[in-house]
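Chain A is the first sequence line, chain B the second, and so forth, proteins listed ahead of strands; every chain is numbered from 1.
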Amino acid sequence: MHLDCIRKFMIDYISNLLNFLYSTVDFLEDKKLVTKINKSNINIDFASKSKRGDVSSNFYLIVNKKIIDSKYNLKKFLSDQISKLTFIEKFEISDTGFININFKKEYIIDHLKKIIKINSNYGNSQYGKNEKINIEFVSANPTGPITIAHLRGAVLGDVLGSILEKSGYLVTREYYVNDSGSQIDILSNSLYKRYQQLYKFEINIDENEYPGEYLIEIAKKIKDDYGDIWLDEDKKKTNNFFKKFAIENIIKDIVYDLNLLKIKFDIFSKESEIVNKNLIEEVFSILKDKNLLYEGYLDKPIADDSENWESRKQLLFKSTQIFDDRDRAFKKANGEWTYFANDAAYHLDKYKRNFDKLINIWGADHIGYIPRMRSVVSAITNKNDYLEILNCQIVRLIKDNQILKMSKREGNFISLKQVFNLVGKDPLRYFMISTRSETSMDFDLNKVVQKNKDNPVFYCQYAYARVSSVINKSKELGITIDSFSEYENIKNYFSNEEIEIILKLISYPFILYQSAKFKEPHRLINYIEDLSSTFHSFWNKGKENESLRLIDKENITKTQSKLVWLSAFRIVLKNIFEIIKIEPTESM
RNA sequence: GCGCUCUUAGCUCAGCUGGAUAGAGCAUCGGUUUUCUAAACCGAGGGUCGCAGGUUCGAAUCCUGCAGAGCGCGCCA
């Protein structure tokens, strides 16, 4: 239940109240006035839209049910107790049973001051207790440039990493490079053909090979650096060289492209190195010891309508015994390890690097792969929740009301770089995490390109710019809060609208905590849109009502009071922008 | 056929893990600029929360069934 977390980690403006409610429960239970109460059902709602108080609680509703003596007047007892709380200005117990509470303004302002003091660390928590957490994401095969198919997972992983860092985790961002296997051989061969073409050999790229033009560029590099020496070289040597060259250059491009979006990795793990470390044998013996391997036959896959299916004896992993709905091949019939076996070994490698937890971010096309991976990791680590796999649904790309279909094979994919050039970093990052990752998403190129209110990222940046503009303008007038010490008076200058904004500001740590706990960055987006909207709304009220304007040259203390919450506002927005990695623009 | 994910306003999506009258943006219609940035604001219309049961003081939220959509379902990688 999240209330325990509030108490442990943050929002002491709520935790005082919560402690009071809990101790009231204890008291009532001790006096045998109520039957046993499950405290986790008691809720404090501090972002309620009903707005019948700064916060509200269902305490009365829950406790009233548990009263033993029906003549006992809980309402009166509760009212007497709440009246004694020094930080509460007023309260009511509504007919429907909710307690609505308004805090004293001094109390709220105390917390506001803290924001300015803590500044860029505001919102951070120790929720993660310095646990080492590994996020593996993107991990696109090094067979071509990174495309927009990887975009969502890329931004999600990066932002989630930042959220977890702010929440007290030690985060490693990792990219797994699938640099071995038959696809890489095909890649190498495709590259060699492009190389030969540069020397006017008439060679066609076959249907199952990689036709993309990027290989021509790489082939040119080889020609420039090495000339024609590979035309007559030993075949094996040539193949190895082209393989290595292709992967190195493609990864270099991938790193470059991701960097356009400010996405960086701490480590690139290569499949080839995992293979060389003999980790597969280790996984093999772990599974063998647990009696999770056997020689058997797989059923014919249902999706396969071909007639040439042949049932063959091979080594299988009993994943059904853990999470999966069918057993999975661990060795091919010819005795080679399967890709899955490699992947299991890779996860053993991560486990051996002493992470407390692993997170994988996978696209929708790997959904079916999740149960076997979780099964094998569970078998290796003896922990069911050691590996958490977040899956993100596809992004449909829409242009001119048409869904763009992509196929890597036909070479008509849209690269990340193309979309970046079209849209730019900020809208791209913002949009990719603005909805829950499990929801499939439509990405309308026409709309995102627009730099107007269709594009919510500008809406938030605009709020930041407006706030900055006031702060900067005040500074020009010589008004700052650098040596401001009259905090006890500032409440006199705050309207209800401003108190509302301040309440939102002091609930930010909880929003961040929730984003970390549920691994849902989009909660931050909802929050800043709400915050920005409240601000813009307030701003415009100043047009009609001059007393709501922020700068008053005649009244320095009043202006400074405003600057206190404006500074806090700017800090919160800036901290979130930093997590999302979009630019805090002071003027637009 | 099986598995995972999803279904909320005309469209794109939230809904704080069970609370009070279900909310934004876009689109539509109507208003607001001698003013700290109108890239903004205010107002109006628009809903059987896919359908049907169940759990309880209380359900968009939890459970079951059904329908629909997306993705996946070699020993490929």
When you check the phosphate oxygens OP1 and OP2 of B:A77, does a side-chain N or O of A:Ser182 lie under 4.0 Å from one of them?
yes
Taking B:C13, B:G70, B:C75 as options, the one with an atom nearest any side-chain atom of A:Ile367 is B:G70
Please confirm whether the shortest side-chain N or O distance from A:Arg328 to OP1 or OP2 of B:C73 is below 4.0 Å.
no
A:Lys65 side chain near B:U56 phosphate (N/O to OP1/OP2, under 4.0 Å):
no
Which of the following nucleotides, B:C36, B:A40, B:A77, is nearest to the side chain of A:Ile551?
B:C36
State which of B:U5, B:A14, B:C42 makes the closest approach to the side chain of A:Ser537.
B:C42
Assign A:Glu438 to base, sugar-phosphate, or nothing according to its heavy-atom contacts below 4.0 angstrom with the strands shown.
sugar-phosphate
Would you measure the distance from the C1' atom in B:U28 across to the matching atom in B:C36 and give it in whole Å?
33 Å
What is the distance, to the nearest angstrom, from the CZ atom on A:Arg436 to the P atom on B:C16?
10 Å
d(CG, A:Asp54; P, B:C16) in whole Å
21 Å
Can you check whether A:Thr439 has a side-chain N or O nearer than 4.0 Å to OP1 or OP2 of B:A14?
yes
Chi-angle category of B:G31 [syn within 90° of 0, anti beyond]:
anti
Rounded to whole angstrom units, what separation is found between the CE atom of A:Met588 and the P atom of B:A38?
13 Å
Closest to the side chain of A:Gln514, out of B:U37, B:U17, B:G3, is B:U17
Kindly point out which of B:A20, B:C75, B:U37 is positioned nearest to the side chain of A:Tyr462?
B:U37
Scan A:Ser469 against the nucleic acid and name what it touches under 4.0 Å (heavy atoms): base, sugar-phosphate only, or nothing.
base
Using the P atom as the point on both nucleotides, what is the distance between B:G43 and B:G23, in whole Å?
14 Å
Quick check on B:A77: is either OP1 or OP2 less than 4.0 Å from any side-chain nitrogen or oxygen of A:Lys332?
yes
Counting only heavy atoms not in A:Lys270, do more than 12 fall under 6.0 Å of its NZ?
no
Quick one, A:Glu336 with A:Lys331, criterion salt bridge (charged side-chain N to carboxylate O under 4.0 Å, His left out). Give me CA distance, side-chain angles, the key distance, then yes/no.
CA-CA 6 Å; A:Glu336 288 173 19; A:Lys331 262 187 182 179; over 6 Å; no
With no hydrogens and no angle check, just 3.5 Å: does a side-chain donor-acceptor pair link A:Asn189 and A:Glu209?
yes
Can you figure out which of B:A77, B:A38, B:C41 approaches the side chain of A:Lys543 most closely?
B:A38
Candidates B:A20, B:A38, B:C41 - which lies nearest the side chain of A:Asn540:
B:C41
Distance check needed: B:G3 P versus A:Asn391 CG, whole Å only.
17 Å
Select one nucleotide: of B:U17, B:G74, B:G70, the one nearest the side-chain heavy atoms of A:Phe510.
B:U17
Sugar-phosphate, base or nothing in reach of A:Glu586, heavy atoms under 4.0 Å
base
Where does B:U33 land, syn or anti, once you apply the within-90°-of-0 test for syn?
syn
Rounded distance in Å between the C1' positions of B:A44 and B:C49
23 Å
Aromatic ring pairing A:Trp362/A:Tyr369, orientation class (parallel under 30°, perpendicular over 60°, tilted between)
tilted
Counting only distance, no hydrogens or angles, is the base of B:G19 paired donor-acceptor with the side chain of A:Asn58 under 3.5 Å?
yes
Picking from A:Asn342, A:Asp343, A:Val177, A:Asp349, what satisfies side-chain contact (heavy atoms from CB on, under 4.5 Å) with A:Ile274?
A:Asp349
Do the side chain of A:Asp179 and the base of B:A77 come within less than 3.5 angstrom through a donor-acceptor pair of N or O atoms?
no
Consider only side-chain N and O atoms of A:Tyr294 and A:Asp327, and report whether a donor and an acceptor are under 3.5 Å apart.
yes
Is the phosphate of B:A77 approached by A:Tyr339 (side-chain N or O, under 4.0 Å from OP1 or OP2)?
no
P-based separation of B:G19 from B:A39 [nearest Å]
39 Å
Would you mind checking if A:Glu586 and A:Arg570 are paired as a salt bridge, meaning a charged N to carboxylate O distance below 4.0 Å?
yes
Gap between atoms OH and P, on A:Tyr464 and B:U37 respectively (whole Å):
16 Å
Reading RNA chain B from 5' onward, which residue's closest nucleotide shows up sooner: A:Phe340 or A:Ile62?
A:Ile62
Give a yes/no on whether any side-chain N or O of A:His366 is located under 4.0 angstrom from OP1 or OP2 of B:A77.
no
What is the distance from CD of A:Glu271 to C1' of B:A77, rounded to the nearest Å?
8 Å
So, OP1 or OP2 of B:A24: does either fall under 4.0 Å of a side-chain N or O from A:Ser533?
no
Can you find an N or O donor on one side and an acceptor on the other, under 3.5 Å apart, linking the side chain of A:Ser56 with the base of B:A20?
yes
With under 30° as parallel and over 60° as perpendicular, where do the rings of A:Tyr527 and A:Tyr508 fit, or are they tilted in between?
parallel
Complementary nucleotide for B:U17 - Watson-Crick or wobble, under 3.5 Å
none
Of the candidates B:C76, B:G19, B:A40, the side chain of A:Tyr459 sits closest to B:A40
Nucleotide B:C42, atom C1' - distance to CH2 of A:Trp539 in whole Å:
17 Å
Say you pick atom P in B:G72 and the same atom in B:A27; how far apart are they, in whole Å?
34 Å
d(NZ, A:Lys39; P, B:G18) in whole Å:
20 Å
Between A:Arg466 and B:A38, is there a side-chain N or O to OP1/OP2 distance below 4.0 Å?
yes
